[in-house]
Amino acid sequence: MPRTTDRRPTARRPIALLAILDPGYTFAPRTPGTREAPRMPFEPLRFLHAANLRLDHPLGETAPLLPPVASIVQDATFAAFRRVIAAAVDAQVDFVLLAGNSFVEAEQSLAARLALLDGFAELAGNDIRVFILPGPLDPTAAWRQIPDLPENVTLLDPGQKFSAVKRDETVIARVGARLRVPERKSARAAQRELRSESLRPVPVTIGMAIAADDATSLQGWSIGQDEETASAAQATPPADGKTPDCPVDYAALGGGLARQTMTQRRGMAHDPGATQGSGPHESGPCGCTLVHVESDGTLRCDFVPTAAVRWEHFAVDFEAGAGSADLLARCRTLLADVQWEPGEQASICDWVFRGGRSALAAFDDDLFRRHFQQELTAAAAVPNAEALIHNFVIHASSDDLAAPLHGEPLASDFSQALAACRREASTPFAACLSEVAATDADWSSRLESLLPELDAESIASHAARQGMKLFQAAEGVSR
Amino acid sequence: MRITALQIERFGVWEQLSIPLSGRGLSVFYGPNEAGKTTLFRFLRSMLYGFDPFGVELRDGTSRPIRFAGTLRVDAIGRQFEIRRVSDRGTRGVVSVAGTDRQEPAETLLAGLLHGTDEALFENVFAVGLPELQVMATLAGDEVAHHIYGLTLGPTGRKLLDATAVLELARGTYFEGPSRSGRLVDLLEREQSLRDDLAAHPSLREEHAELSVKRSQIENRIESLKHKQVDCQRQLGGHRMLERVWPHWSQVRDLRREIAAIPTVSGFPADGPARLQKLETELDAAKHHRADLTQSLQSLRAKLQDLARQRKLQRNGGVLAGFVEQSGWYRDVSQQAAVAGRRADEHRAELDWLLEPLGAEWTLARVDGLDAGPVAHRRILAAAGRYRSAIRRRKRLLGLQKRLRRATHKRRAELDERLKGLGGTSLEDTIAQQTRRIKDLGDLGRLRLHEADLSHRRNRLAEQLQPKETGAEHPQWVSHFLALLLGAGLLVTIVGLFQAALSDVLAGASLIFIGLTGLGVGWGLKRHEQQMNGAASGNQEELGRIEFELREARAAIARQSASPSPAAVATSENNSPLQTADSPPSEPGVPEGDLLRTAVSRLAELERWNQTRRAIQARRRRLSELRSRFQAVQRDVSSERQNWCTLLKEVGLPETVKIDAALQAWHRLVEARERVRAVKAAEAERQQLEGWLHSFRTRMDDAGRRAGRPPADDKPPLDVLAEWDAELQSSGAVRDEYRRTRHEFRERRRKREQVRRRIGDLRARRTALFAKGGATDRKEFLARAAWAARRQECEELLEIANEELLEASRSEPELAIVEDDLESYEPDRNRQRIESLAAELDQAERDLHAAFEDLGSVKQSLKALEADRETSRLRFAQSQTRYELKQAAEAWFGTELARQAVDRVRSKFERTCQPATLALASKYLARLTRGRYVNVWIPLGRRELRVDDDRGNTLSVEQLSGGTREQLFLAVRMATVRELAQQGIELPMIFDDVLVNFDQIRTEAAVDALLDFAAENQQILFFTCHLHLAHLFESRGVEPTWLPGHNLPQAERRAG
């Protein structure tokens, strides 16, 4: 179908450019006016977009768990992948996109490789193609080492041409590892083709990229989506004289920690996030995206939950003098707002409490913690309440620490000294590390490697709590 | 308290020294070395707290105690006191305090003046020399430390100390370097262990890849084997098809050849052989029928002849009936003969049993000829009885002789054994000696009785004489006492008279009366004794006579007892009954009665032995008689044995002395002879009965022959008779049967004629058939029929074979067989090829099986690898451990941060919250060091001084220079004295050259500081040997006291 770059906006009107932060949002024309131009029809199709499978990669940020929960957590990535495959089969998609980090090559996991092969085989049995974009964790070389990759699997490389997806000998989509596709036909030829075959469906172009590593590509994809930038791009033809590129219709991104979508006038960039959150930093529902391409060019992304373990992170600031009942009520409210997905077999909630000394002191009591956990568990409408884990992190706010305590001169002095230590000492833990180094150099180096991951606020909070325990008369949360 | 003057009567080098002290606070004493400054310094301390226990002085080469004495005048509590102390051995000196009217001990008054301070505090704080100043330990005493360091930290200090300890402890729970323990260590080690485990875990992917390759190889091999298997099966199918097709093809080929070879037969009746067969079958059937009929006629003819014979039996029926009637008798005789025969056999068996032990020489004839009549029997029994009786007698005599001899020997041995105890003395002599001993013992007993009687009589006379002897004299002192009473009475009386005192006279008279009475009584008693002695003189003579007799009796007893018995010497066996008997007649300690009883029993025993000896002699005589009788009996036994043997020989028995065996053999022979005779009788009876039976059978055979009966041969006569009886009873039926049989015979003869005619007819028809088949005889006809039939058969077979060939070819539609293959087909070779292919197929099957097993094994390994989640588990555990490690590290660092903060708080506290003493000391130190060191403090919970300089550096005492250290200690003492003064404890400070190590600037600063210190109402006595110091003080307006030199004359020292 001959098309030209300048006509592409009108010829390729159907893609709806919508704000998508809500999963499952149906992409409709942003303004009816933009749809009045003759639409370029698409072959309707469905495909599944998943990223960051990280098969067999252990979920971090968790303390030792009870055996049933530990088993669920340990198999969570596999469960998520199985749900991706099941969703693809159930939805009878045309193909599946795996955008980066499907496994962690450094871990040399056989189970991950086998799970992938099994999943690919199942998809092959249902005549579903798989397009894989290697990521930083699963480089191309690692994929090439996998023997007997099924024929339905296509490993994408930025240097390769776009692969065509056919249905009944008709190309319905083109998938590549770039966010811009070259316009092969001249504008005149495209114009002629448009006149003669204006109603002939065109294949949707899908470009895959790792968002973290391909920011420039994404930037290039966004250029030209707007009218102004498109005209600018048209005004400056490429220096090599080749036909200028145009952005893909759907940018399948991967590598991001969270689910996000970026829309432009003529296309959409979407990152489904990880299929299974690996820690509190990937909290919330995780899954993949089922993308519907309607014949009128409408793109609709449906969220498909796949995570077996749900991470939730709550930061709760409560005022001095707040009692445990208030705190519990606030936590319950937060929990009630959470929409749990039915397939989640275990849930791990990280609670970060920032508050006054009295509240902090209350959480030093194990009995109070257990009681609080039980209350929270009872309040949460989780399918599997026994697999609901609560981790409490108590952070004392710096302002609170610096404030002098009434009637406790030593506590006040301690707070000031602590603030001074944090402020003045450049390497407050050098003594600790040198002490460890004197005992074992390897231990010291391992601890040093941990330093970037440590939470300075947590350390300060711990110190503050120590000081409070030592110098402050226990007031406690009113229970 | 302030010292206003000191006066030394004697102390050390000082004598009669009197020094008034100025009213100002600081007094300086200058004197060169050995001037006595230190002595003066010690004097002041000793006056307040006592002399040290030194106190010996060497003078003129001998040591003697030194007497110290001195006086201090002091101002205290607004009054003047005089303290005097004089040395005293064993104490620290006798002190007296003048200037008060309080009635209290001087020591108490002095302690009150000193405010209760002890000597240690005074020496370490108030009166210090350079050595005390340089030593830190002098500030460590309890009372001193109480002021300097403070004994309690206060709640804040304690809380800070506790916080430090708690944080150190908390820090140690995370990491304890020396012991390599703590939670961090545990987590680090656990993480290392997990890393090691992960590193040690083999790469499953490589292993899986290798196994996958291996699985592919095996699957390829399986595929090739399957192909090979299919090829083999195909070839095998071809060869088997060839094998299956070739016989049909070969058959077709052969049939065609055979058809070509068979001559053509035309016009041959279609069913010629069948018709011929039918004709011949009918002909054979007719011939058979004719033969059957012929045979039937023959049998009927024989039956008719038999029936004719039976009709002959009926004619001799009377004779036969007679024999039939005797069949009972015949049966009885036969049984009797059988019984006789059995009896003879039994007797013969018994005979054989009897003769078997006797030997083969005892034949029937010899037994039969044996004389076993009653006479011989009685002779045998009588001879046996005599012989046996003689043997019994000899045996009895022999037993009696043996018993008697054994008893005699036994008693003889016992007697000889006992007689050995007599020591060679004969039994008769011993008995005579024992008799004599009994007599001697009787005499001795009588002497004993006489002695006892005499002794009794003597004792009785002695008792009668005893009272006279016992009351003979009263003691001499009784007379003396009575005389003394008498004298005393006289003296008292005379004195009473002389003094004209009635009482004395009466007392003297009483005493005289008592003395006279006692003397009278004594004189009376003495008279009575003299009368009694005269009456007893007659009894004395009788007593003498009895004692003479008693001595005689005892001498006789002694003689009797001393004479030993000869038997006593002969006694050699201790346990012999003769032992006591052979003792002396009067053994010491043994009563004579017991000796007599023992001797009597001993004599009785000897008498029993004598009787035993006589009995032995009598038995010997009896034994001799028995020997004579035994010899006679022995002769009888020989005679009877001879007779017995002779008789046995006569009877025919073997010669033997075994009577029972001989008699048993005799009885057997007698029994055997009886059995021989019984056998003979039974045989005779049986022969007679059998003769009767033989005669009966002979006659019966004759009658049978006459009646036309066949010879009975071996048939038992009774059976024959039973047949005859049956035949006689059925004679009517035989007649009817004869008639019927004859009728049947005639009928069958007619039928045989009809069959003969049919046979002729059939033969004619067969000849016609031959002619129609173009043959002249049956052989030719059959040959021509076979040709025709074979041709037809071959044609039919060919048709079938063609169909089968076609069918076999259709079974393997994919295989095509060409004619050449069939032509060249060799069954053996084809069979070999089939076997070869089958073997190859089997091999392929086995290889396939093995390959499948390998594949299963590899798949199992793959499955195990795929199920191995150990690596995942380890990574998961590592992740969790790392999380815990982060948590622990954060907690540890948090604790460290808290510790650092606490250190800051503590540091601030230590610098700002010090005891008042140290604050004062800081001020004095700054004054003494011209502001170089500004702060004195101590760390929490320690007794270590720290000094901060003007640059903010903190130094410990050890880090200070010697001079600075002395300045620090001086400052601390000054502060302590000031602190004590504020508490009301005011004592003079005494310094002994404490500024010698100060530089010029700090010396001047110290002098100024001391002057200022003294200006605060503090008395200071400063001793120095340095002139510049004295001038320095002098320049500050303090006039030193110039102590005289030590080398000055004594008089001058006193004058000082």
Side-chain angles (χ1 to χ4, degrees), chain A residues 56-65 70 73-75 107-114 145 147-148 279 409-410 413-422 425 428-429 431-432 435-436 438-440 442-443 446-447 450-451 453-455 458-467 469-471, chain B residues 156 159-160 162-163 166-167 170-171 175-178 180 184-185 188-189 191-192 203-209 212-213 216 865-866 868-869 871-873 875-887 889-905 907-909:
Chain A
D56 204 19
H57 182 62
L59 273 59
E61 304 293 317
T62 172
L65 303 167
V73 173
Q74 196 172 338
D75 288 337
E107 292 175 349
Q108 297 278 311
S109 170
L110 173 63
R113 178 178 287 184
L114 294 173
Q145 286 176 0
D148 303 331
L410 270 182
D413 290 345
F414 176 79
S415 297
Q416 293 172 5
L418 184 60
C421 283
R422 294 187 63 191
F429 315 122
C432 296
E435 185 181 349
V436 176
T439 307
D440 194 312
D442 179 52
W443 291 355
R446 282 158 62 191
L447 278 179
L450 269 180
L451 287 179
E453 301 177 29
L454 299 184
D455 184 5
S458 178
I459 293 172
S461 169
H462 191 84
R465 289 171 61 206
Q466 291 271 13
K469 275 195 285 187
L470 291 170
F471 300 124
Chain B
T156 306
K159 194 176 280 187
L160 279 172
D162 292 345
V166 167
L167 289 174
R171 204 168 168 275
F175 186 83
E176 191 73 39
R180 296 173 73 91
L184 267 175
V185 174
L188 285 166
E189 286 180 344
E191 191 194 28
Q192 186 60 44
S203 173
L204 297 182
R205 284 204 333 199
E206 292 175 5
E207 194 176 350
H208 189 272
S212 297
V213 170
S216 300
L865 277 181
E866 290 166 3
D868 186 358
R869 301 301 306 279
T871 311
S872 303
R873 189 194 65 76
R875 274 201 297 273
F876 184 63
Q878 193 182 24
S879 167
Q880 288 185 321
T881 306
R882 191 167 177 80
Y883 175 76
E884 287 185 80
L885 195 58
K886 278 172 58 181
Q887 299 279 326
E890 285 178 355
W892 190 42
F893 289 153
T895 307
E896 170 64 14
L897 198 59
R899 193 183 66 83
Q900 290 177 6
V902 168
D903 282 349
R904 282 183 180 243
V905 175
S907 175
K908 181 182 172 187
F909 178 82

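Within every chain, numbering begins at 1; the chains are lettered A, B, ... in the order of the sequence lines, protein sequences first and strands thereafter. Values below: every heavy atom of this structure, side chains too, minus hydrogens, waters and symmetry copies.
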Exercise. Between A/Leu450 and B/Arg882, is any pair of side-chain heavy atoms under 4.5 Å apart?
Worked result: yes

Seminar exercise, completed: Rounded to the nearest 0.5 Å, the CZ atom of B/Phe893 sits from the CZ atom of B/Arg171 at a distance of 9.5 Å

Exercise. Judged by atom type as modelled, is there a donor-acceptor pair below 3.5 Å linking the side chain of B/Ser907 to the main-chain atoms of B/Asp903?
Worked result: no

Exercise. Where does A/Leu451 contact chain B at under 4.5 Å (heavy atoms): side chain, backbone, both or neither?
Worked result: side chain

Exercise. What part of A/Gln145 is in contact with chain B, defined as an atom under 4.5 angstrom from a non-hydrogen atom: side chain, backbone, both or neither?
Worked result: side chain

Seminar exercise, completed: Here the gap from B/Asp868 atom CG to B/His208 atom NE2, rounded to the nearest 0.5 Å, amounts to 11.0 Å

For this session: Pick one of side chain, backbone, both or neither for A/Ala111, based on which atoms fall under 4.5 Å of a heavy atom in chain B.
Result: side chain

Exercise. Under 4.0 Å between a Lys/Arg side-chain N and an Asp/Glu carboxylate O for B/Arg869 and A/Asp56?
Worked result: yes

Exercise. Is B/Glu890 reaching over with its side chain to a backbone N or O of A/Asp455, donor-acceptor style, under 3.5 angstrom?
Worked result: yes

Problem set entry | Heavy-atom contact with chain A under 4.5 Å, split by part of B/Leu167 | side chain

Exercise. Can you list the steps and then say if A/Glu107 with A/His57 is a side chain to side chain donor-acceptor pair (under 3.5 Å)?
Worked result: CA-CA 8 Å; A/Glu107 292 175 349; A/His57 182 62; 2.5 Å; yes

Problem set entry | Residue selection (most heavy-atom pairs with chain A, distance under 4.5 Å) from B/Val213, B/Thr881, B/Thr871, B/Val185 | B/Val185

Problem set entry | CD-CG distance between B/Gln192 and A/Asp442, expressed to the nearest 0.5 angstrom | 5.5 Å

Exercise. What part of B/Leu184 is in contact with chain A, defined as an atom under 4.5 angstrom from a non-hydrogen atom: side chain, backbone, both or neither?
Worked result: side chain

For this session: Dump the intermediate steps for side-chain contact (heavy atoms from CB on, under 4.5 Å) on A/Cys432 and B/Phe175, then the final yes or no.
Result: CA-CA 9 Å; A/Cys432 296; B/Phe175 186 83; over 6 Å; no

Problem set entry | Segment of A/Leu454 engaging chain B (4.5 angstrom heavy-atom cut-off) | both

Problem set entry | Contact origin within B/Glu206 toward chain A - heavy atom pairs under 4.5 Å | neither

Seminar exercise, completed: So, the part of B/Glu866 with a heavy atom under 4.5 Å from chain A: the answer is both

Exercise. Does any heavy atom of chain A fall under 4.5 Å from the side chain of B/Glu207, the backbone, both, or neither of them?
Worked result: neither

Problem set entry | Heavy-atom contact with chain B under 4.5 Å, split by part of A/Ala112 | neither

Exercise. Heavy-atom distance under 4.5 Å to chain A: side chain of B/Val902, backbone, both or neither?
Worked result: both

Exercise. Taking every heavy-atom pair that is under 4.5 Å apart, which of B/Ala889, B/Ala209, B/Ala163 has the most such pairs with chain A?
Worked result: B/Ala163

Exercise. Between A/Asp75, A/Asp148, A/Leu447, A/Thr439, which residue shows the highest count of heavy-atom pairs closer than 4.5 Å to chain B?
Worked result: A/Thr439

Exercise. For the candidates A/Glu453, A/Glu435, A/Arg446, which exhibits the highest count of non-hydrogen atom pairs separated by less than 4.5 Å from chain B?
Worked result: A/Arg446

For this session: First locate atom CD of B/Gln900, then atom CD of B/Glu896, and finally report the distance between them rounded to the nearest 0.5 Å.
Result: 4.5 Å

